[in-house]
Asker: 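The structure's right below; bear with me while I get my questions together.
Every chain is numbered from 1, with letters handed out A, B, ... down the list of sequences.
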There are 2 protein chains.
Amino acid sequence: MKIPNPYAATCPTRLVLDRVADKWTVLILGLLANGPMRFNQLRRQIEGLSQKMLSQTLKSLERDGLISRKAFPTVPVTVEYSITPLGQTLTSTLDALRTWAESHIGEVLDAQKRYDTVA
Amino acid sequence: MKIPNPYAATCPTRLVLDRVADKWTVLILGLLANGPMRFNQLRRQIEGLSQKMLSQTLKSLERDGLISRKAFPTVPVTVEYSITPLGQTLTSTLDALRTWAESHIGEVLDAQKRYDTVA
DNA sequence: CAGTATCCTTTATGATACTG
DNA sequence: CAGTATCATAAAGGATACTG
C-alpha cells in the first residue's frame, strides 16, 4: 500500500486534483448537491458557461463517477443529472473551499490592491 | 453586506475559486505550509513544473497575499518564499482536498475504467 | 431538450536564451 | 540563484450551425 506522492508528475492523485481544480467542476457539483438538474437548467444557472463546456464537464464528471446521467424517453428527451455517493463525499470539501473564498475574498482583494499600487 | 453568488460571472469569489483551482497553487502552498523554501528548491520538488510557471504562480500567490517573498542580499541572491497567515487559512482546506484525492483515487479510476469499457 | 460537429480565436504553457 | 524576455506551439474555449 504505497501512498501516492502528488508532487510526482505521474501520480494519479495529481490527475484527480487537476480535474477537481477545474473552473466549472466546483460550481456544477455544488448545484447538483442540492438535487438533480437537467442540462439546460444547469446552463442557465451558471453564468458564462457555454453549452460546449457544460457538455464536456458533465461528461468527465460522469466518467469520474462523480455524477450520473439519466435520460427519460420523453419527446423531446429529458436528461437528468444527479450527484453520486462518491460525488457527495467530494462536495463537503468543495463547500469548504467555496466558503473560504467567500469569507476571504476581501483580504485577497486588499492584498491585490496593495501589490498593484506598490508596483 | 451582500453574499457573493459564485454562479454570477462577475462575482469576485469565482475569481478566487479560479485562482485556487490552479494546477500548481495547491502543490506550492502545500509545500510552503511546511516551512519556507527557495525558488529552485520548489522547482526541484514539483515534477513537471517549469521555471516560467513557477515564477508566474509565485507572483500571483504573492499578489493574492497568500505567500510572501523575501530576498537576501547574498551573492548570488537568495530568495525565500513563505506562507502568510492568510495562506495558512487556506491550506487546511486544500489539505482536505488532497486527502480526498488520495483516498478516492481508486474509486475514480475504477469509474473511469467502467465508463471507458462500456463506451 | 440535449446535445454533437466544425471552425476559428484566444490563452496557456514550453523551450531557449539571457541577466543582475 | 532567481529570475525575465521572446518565440513557438499546443491546448482551451467560444460561436455557430446542425440533429435525434
Asker: List in numerical order all residues of residues 53-62 of chain B for which some heavy atom is under 4.0 Å away from an atom belonging to DNA chain D.
Answerer: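 When residues 53-62 of chain B is checked for heavy atoms under 4.0 Å from DNA chain D, the hits, listed by number, are Ser55(B), Lys59(B).
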
Asker: Does anyone know the first and last nucleotide of DNA chain C in reach of chain B, 5' to 3', at under 4.0 angstrom to a heavy atom?
Answerer: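 It runs dT13(C) to dG20(C).
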
Asker: Quick check on contacts: within residues 63-79 of chain B, what sits under 4.0 Å from DNA chain C by heavy-atom distance?
Answerer: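 Here the set is Val77(B).
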
Asker: Who pairs with Thr84(B) by side-chain contact (heavy atoms from CB on, under 4.5 Å), at least two apart in sequence or on another chain?
Answerer: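 Ser68(B), Leu86(B).
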
Asker: Could you pull out the closest heavy-atom pair between Ala71(B) and Val79(B), with the gap in Å?
Answerer: CB-CG2, 4.1 Å

Asker: Please table the atom pairs, donor to acceptor, closer than 3.5 Å between any side-chain atom in residues 29-40 of chain B and protein atoms at least two apart or in another chain.
Answerer:
none

Asker: So, Tyr115(B) side chain and Gly65(A) main chain: donor-acceptor pair closer than 3.5 Å or not?
Answerer: no

Asker: Atom CG in Leu97(A), atom CD in Glu102(A): separation rounded to 0.5 Å?
Answerer: 10.5 Å

Asker: When rounded to the nearest 0.5 angstrom, what is the spacing between CD1 in Ile28(B) and CG in Leu94(B)?
Answerer: 12.0 Å

Asker: Looking at every heavy atom in both Thr78(B) and Thr74(B), which two are closest together, and how far apart are they?
Answerer: OG1-OG1, 2.8 Å

Asker: Please report the interatomic distance OG1(Thr89(B)) to CD1(Ile83(B)), rounded to the nearest 0.5 Å.
Answerer: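 Interatomic distance, Thr89(B) OG1 to Ile83(B) CD1, rounded to 0.5 Å: 8.5 Å.
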
Asker: With salt bridge (charged side-chain N to carboxylate O under 4.0 Å, His left out) as the rule and sequence neighbours excluded, what pairs involving residues 78-90 of chain B come up?
Answerer: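 Applying salt bridge (charged side-chain N to carboxylate O under 4.0 Å, His left out) to every pair that reaches into residues 78-90 of chain B, excluding sequence neighbours, yields nothing.
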
Asker: Compare every heavy atom of Ser103(B) with every heavy atom of Glu107(B), then report the nearest pair and how far apart it is.
Answerer: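 Answer, listing the atom of Glu107(B) first, then Ser103(B): OE2-O, 4.1 Å.
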
Asker: Residues two or more places apart in sequence or in another chain: which of them pass salt bridge (charged side-chain N to carboxylate O under 4.0 Å, His left out) with Asp95(A)?
Answerer: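 Listed in chain order: Arg98(A).
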
Asker: Rounded to the nearest 0.5 Å, what's the gap from CD on Gln112(B) to CZ on Arg114(B)? Could you check?
Answerer: 10.5 Å

Asker: The criterion is side-chain hydrogen bond (donor to acceptor under 3.5 Å, both in side chains); which residues satisfy it with Ser92(A), sequence neighbours excluded?
Answerer: none

Asker: Using the criterion of both pairing distances under 3.5 Å for Watson-Crick and G-U wobble pairs, give all stems of 3 or more consecutive pairs involving DNA chain D.
Answerer: C:1-20 with D:1-20

Asker: Return each pair, listed once, that meets ring-ring contact (aromatic ring centres under 6.0 Å, His included) where at least one residue sits in residues 56-107 of chain A; pairs must be two or more places apart or across chains.
Answerer: Trp100(A)-His104(A)

Asker: Does anything in residues 31-40 of chain B come within less than 4.0 Å of DNA chain D? Heavy atoms only, and list the residues if so.
Answerer: Arg38(B), Phe39(B), Asn40(B)

Asker: May I have the distance from Trp24(A) (atom CH2) to dG13(D) (atom P), rounded to whole angstrom?
Answerer: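 Distance check: Trp24(A) CH2 to dG13(D) P gives 9 Å.
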
Asker: Could you list the donor-acceptor pairs under 3.5 angstrom formed between side-chain atoms of residues 49-60 of chain A and any protein atom two or more places apart in sequence or on another chain?
Answerer:
from: Ser50(A); atom 1: OG; to: Met53(A); atom 2: N; distance (Å): 3.2
from: Thr57(A); atom 1: OG1; to: Met53(A); atom 2: O; distance (Å): 2.7
from: Ser60(A); atom 1: OG; to: Gln56(A); atom 2: O; distance (Å): 2.9

